[in-house]
Structures are given as structure tokens and as C-alpha cells.
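Accompanying notes for the structure given below.
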Amino acid sequence: MTTGSGPAARDWVLHVDLDQFIAAVELLRHPELRGRPVVVGGSGDPTRPRTVAATATYEARAYGVHSGMPLRTALRRCPHAVFLPSDPPAYEAASARVMAVLRGFPVRVEVWGWDEAFVGATTGDPEALAADLRQAVLDATELSCSVGIGDNKHQAKLASAFAKPAGIHRLTGAEWAEVMHDRPTDALWGIGARTARKLAGLGLHTVGRLAAADPAELARHFGPTNGPWLRYLAEGRGETEVTTTPWVPRGHGRETTFPEDLTDARDISACVAALAEQVARDAAADGRTAVRVTVKVRFAPFLTRTRQSKLPGPTADPATLTRAALAVLDRFDLTRPVRLLGVSVEYAPPADAAYTLTTLE
DNA sequence: TCTGGGGTCCTAGGACCC
DNA sequence: TCTGGGGTCCTAGGACCC
């Protein structure tokens, strides 16, 4: 830990991002695979259509394999790769061990998915803290991580990407313009390909240009909340509060893509019923009730449609949810082949609801 | 490269009411 | 009476992220 003289202590946001998390966990369980091309995804069968890679090791990437790629394509590109099934409970367990290590420090830890956490800390030397966090995670779990340091979550998140792999990087308001202004807008956390293309159409190709754009103009094109938010991101601003309050899920769902299209209406109904029952069991296990049910149908080749309905009252009863889901399914025109079915619910807020509200500062 | 599964939040339009 | 405007709820879809 750091004490004594030096820069005055102040608040920092750190972003801890595990390096190649899923692959790293798998290599710990299968040390003999170290150095070999490994692809993780689906049930691990690379001949099954319509499954994609969750991750690929650097050795597999050398063959052009990457996450999101269909396993059948990965197999074609790298026939000698080892294909492993995805094992979410194992990743969950590894993640929990990492978060426990972080919580051992005098900091606030906000878990942000399996392989990420924001850390709020008051210190005069954030690099020293970051190095301590990195080393403690490595010692306790054998997992490597990168740490970004910023004034807010947005900066810290981008900084950890600059730090990869196994590094530490600081990106604050002092460095923002120099580092970010010439980059494309989709370098920002929250701007993807679609929005970047739309911004480019307005002549806003870079972060610097977006940071100087007219908020009213942005609001006209992107909506009253999203428009000004885009400029806010480009200015390097972001949420500064790191909260240890556990996240309360807003909803939950299950969906399945079939290796071959479904055409029989009875098969489709049976699948929706099974998904609805599973979602009901999940909700009950979470101690939550549903207030709205949504059915998702993806038709061949790739046309996705949803229908939803508000339930008469909150429930986690499997029979009630199944009836509701099947009634919603009835509103689809099911004459085309179906490649995916999904059922999801919106949860009722728990009685002691403490939803985190986020506002622009 | 024929394209997973699990989420979150925002927007827009129509219904309905006063 | 042929027609205003605001507020809220509901629904479908889009965009983004891990």
C-alpha cells in the first residue's frame, strides 16, 4: 500500500479488465493446451451449424479465428485447433475469486460482468494501487489483468484497453484531447458502428469534431437524451460514482437458435412453452416476479420480430407464464421457417427497490 | 465469416383520457 | 360541433455492450 508524502490523495476510478478471461480460465484447467490454438464456444462441436466462438487464443487468432466467428468457419481456418465447450459456471467461479481479491483492498468495487470491475479509490498514487491490484489478482488466481486509471468510468474503461495486455494506463481530462481527438467516434464507449456511420454522414468523423458539435443539432438527429450524450462522451466525461450496491436485474430471458429451421407449428409451440417454463423457474430462483412477457422469433434467413404483452399481475408461476407466452406467439405469422425462438420477461421491481439512477452531470 | 446468448436503455407512434 | 393540447401507458424496434 502507499502512504507518506507525494501527490495529494484524491478520488480515482480504476477499471480492472481480465486479459483473455475465458481462454485464460480454460488454460488453467487444461495446462497441456498452452501454446496451442484453442477455440471456446457452444457445446464445443465445431461441425454444429449456427454456433460461434466465445473466444480464441492468440495461437488461434494467428489463423484468422476470432470471437463471434462461426465454429465451422474457425474449423476451416484452423483444422488442428482444439475446440472446447463454453462453461459459464466455471467462469462465474473464477470471476468471484477475482472480485474477492479486489474487495480485500480499501476500495469500492463495482462488478461489471464476469471479467471486469470498476474500482473507486482515494489515493495519491493510482499507478501504485493499480500495480498492487494486478499483482494480488495474479498471485491469488494466476489470472492476468490490465488496469485503466481515469477521472470517471468512461476514461478508465478506455484506459484499460490501452493498457492491454497486462499493463497499466492513465487517461484523464489532462490527456483526453491529445489522446482521443483524432480517433474515430466509435473509439468511445457507447458509440458503435451504426452511430459512427450516422455521425460521419453529418461530417463528424472524429472525437474532436463530435466534442465541438452543436448539442441541439445532435438532439435533432439522435433524440433528446442520446444526442447530447454523444457530445458528453466525446468530451471525455462519464459517470464518476462507483457503487458497491449489487445490481438489481431488470429482466431475464432465454433463447435458442436451432441448427436447422423449425417449420412445424407444434414444434414451435412446444419450444416456446419450454423456454417460458425455464424463464419462470429462473425468476422464482431469483426471487423475482414477471410483469411483461416478450416472445422473439427470428425467421430464416435472419429477420427478427418481437411481440410482447403486459401480464395482468406479477407472477413467477410456470403455467401462467407459459399460457401468456403462447398467447403472444399466436400473434405471429408463422408461415416462414424459424431459426430462433426466445422468451423473456421484465421483472417487477423488488419491494426494497434501490435501482441505480444514472444522470448526466 | 450466413451471422450466439444474455443483457440495458432509448425512441417513436398509437391509444386513451381529460 | 370535426377539432387543441398535454399526459400517460403500451408496444415494437433499434443500438450498444460483454
Side-chain angles (χ1 to χ4, degrees), chain A residues 15 17-18 20-22 39-43 46 48-56 63-78 85-86 88 91-92 95 111-117 153-154 157 160-161 185-186 188-199 219-230 233 247-261 275 278-279 282 291-311 328 331-332 339-347 355-360:
Chain A
H15 182 250
D17 200 331
L18 289 150
Q20 285 268 290
F21 174 62
I22 292 175
V39 181
V40 183
S43 53
R48 185 183 158 96
R50 298 175 179 172
T51 54
V52 301
T55 191
Y63 291 85
V65 177
H66 54 78
S67 64
M69 173 178 281
L71 290 186
R72 294 205 294 182
T73 306
L75 179 62
R76 213 178 312 130
R77 292 195 175 193
C78 189
S86 177
Y91 314 141
E92 196 96 49
S95 175
V111 176
W112 205 269
W114 279 342
D115 59 347
E116 291 178 54
K153 286 177 177 169
H154 182 205
K157 168 87 182 171
S160 71
T185 55
D186 60 3
L188 300 170
W189 186 36
I191 296 185
R194 304 295 291 252
T195 303
R197 203 181 319 143
K198 199 167 159 187
L199 285 167
R220 267 205 304 285
H221 288 98
F222 297 92
T225 302
N226 282 336
W229 178 68
L230 296 173
L233 289 180
W247 178 254
V248 180
R250 270 55 166 169
H252 174 69
R254 297 268 184 167
E255 62 185 56
T256 309
T257 294
F258 310 104
E260 277 141 29
D261 297 336
L275 288 165
Q278 182 61 55
V279 168
D282 295 339
V291 292
R292 170 183 309 280
V293 61
T294 300
V295 174
K296 177 161 138 184
V297 180
R298 179 125 73 210
F299 298 99
F302 206 78
L303 177 72
T304 308
R305 288 288 176 265
T306 62
R307 296 282 181 277
Q308 56 183 244
S309 80
K310 185 174 157 53
L311 297 166
V328 172
R331 288 157 45 199
F332 284 92
R339 64 174 282 151
L340 170 147
L341 289 171
V343 173
S344 62
V345 295
E346 177 187 330
Y347 282 152
Y355 281 175
T356 309
L357 298 176
T358 57
T359 52
L360 300 188

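Letters A, B, ... mirror the listed sequences (proteins, then strands); counts begin at 1.
Each of A:Leu340 and A:Pro70 has a nearest nucleotide on DNA chain B; the 5'-most of these lies closest to A:Pro70. Nearest-nucleotide positions on DNA chain B place A:His252 closer to the 5' end than the other of A:Gly223 and A:His252.
Closest of all the heavy-atom pairs between A:Asp186 and A:Ala196 is CB-CB, 3.8 Å. Closest approach of A:Ser43 to A:Arg48, counting heavy atoms only: OG-CD, 4.3 Å.
In this structure a side-chain-to-backbone donor-acceptor pair under 3.5 Å is present from A:Arg250 to A:Val248.
Look at A:Thr257 and you'll find a side-chain N or O under 4.0 angstrom from OP1 or OP2 of B:dG5. The phosphate of B:dT3 has neither OP1 nor OP2 within less than 4.0 Å of any side-chain N or O from A:Arg298. For C:dG14, neither phosphate oxygen OP1 nor OP2 lies less than 4.0 angstrom from any side-chain nitrogen or oxygen of A:Arg194. Between A:Arg307 and the phosphate of C:dG13, there is a side-chain N or O to OP1/OP2 separation shorter than 4.0 Å. In this structure, A:Lys296 does not reach the C:dG14 phosphate: none of its side-chain N or O atoms is under 4.0 Å from OP1 or OP2. Applying the 4.0 Å criterion to OP1 and OP2 of C:dG13, one finds that A:Arg305 has a side-chain N or O inside that range. When the side-chain nitrogen and oxygen atoms of A:Arg292 are compared with OP1 and OP2 of C:dT11, one or more of them lie within a distance under 4.0 Å. For A:Trp247, a side-chain nitrogen or oxygen approaches OP1 or OP2 of B:dT8 to under 4.0 Å. At the phosphate of C:dA12, OP1 or OP2 sits under 4.0 Å from a side-chain N or O atom of A:Arg331. Close to C:dC18, at under 4.0 Å from its OP1 or OP2, lies a side-chain N or O of A:Trp189. In this structure, A:Thr306 reaches the C:dG13 phosphate: one of its side-chain N or O atoms is under 4.0 Å from OP1 or OP2. For the OP1/OP2 pair of B:dG4 and a distance below 4.0 Å, the side-chain nitrogens and oxygens of A:Arg48 include no atom meeting the criterion. Taking 4.0 angstrom as the limit, A:Thr225 places a side-chain polar atom (N or O) nearer than this to OP1 or OP2 of B:dT11. For C:dT11, the OP1/OP2 oxygens have no side-chain nitrogen or oxygen of A:Ser309 closer than 4.0 Å.
Comparing C:dC10, B:dC2, B:dT3 by their nearest atom to the side chain of A:Lys310 picks out C:dC10. Taking only side-chain atoms of A:Pro224, from C-beta outward, the nucleotide of B:dT11, B:dC2, B:dG4 with the closest atom is B:dT11. Nearest nucleotide to the side chain of A:Phe302, out of B:dT1, B:dG4, B:dG5: B:dG4.
Note: CZ (A:Phe222) to P (B:dC9) measures 21 Å, nearest angstrom. Atom pair A:Leu233:CG and B:dC9:P shows a separation of 16 Å (rounding to whole Å applied). The CZ atom of A:Arg254 sits 10 Å away from the C1' atom of B:dG6 (whole-angstrom rounding). One atom, CD of A:Glu92, and another, P of B:dG7, lie 11 Å apart when rounded to the nearest Å. Atom CD1 in A:Ile191 sits about 17 Å away from atom C1' in B:dT8, given to the nearest Å. Summarising the geometry, the separation between CD on A:Glu346 and P on B:dC10 is reported as 13 Å, rounded to the nearest angstrom. Here the P atom of nucleotide B:dT3 and the CG atom of A:Leu303 are 16 Å apart, to the nearest Å. Taking atom NZ of A:Lys198 as the reference point, atom C1' of C:dG14 lies 10 Å away to the nearest angstrom.
Helix-axis bend for the helix from B:dG5-C:dC18 to B:dC18-C:dG5: the local axis fitted to the five terminal pairs at one end deviates from that at the other end by 10°, rounded to 10°.
In this pair, A:Tyr91 and A:Trp114 present their aromatic rings perpendicular. The plane angle is above 60°, beyond the 30 to 60° band.
Annotation: cation-pi geometry not satisfied between A:Arg305 and A:Phe299 (NZ/CZ under 6.0 angstrom from ring centroid, within 45° of ring axis).
Taking 90° from 0 as the syn/anti boundary, the base of B:dC2 is oriented syn.
Put simply, the side chain of A:Ser309 reaches to within 4.5 Å of the side chain of A:Arg331, judged on heavy atoms. Looking at A:Phe222 and A:Thr195, their side chains come closer than 4.5 Å, going by heavy atoms from C-beta outward. Under the 4.5 Å side-chain criterion, counting only non-hydrogen atoms from C-beta, A:Val345 is not in contact with A:Leu311.
Atom CZ of A:Phe258 has more than 12 heavy atoms from other residues, nucleotides or ligands within 6.0 Å.
The aromatic ring of A:Trp114 is not stacked on the base of C:dC18, since the criterion of ring centres less than 5.5 Å apart with planes inclined by under 30° is not met.
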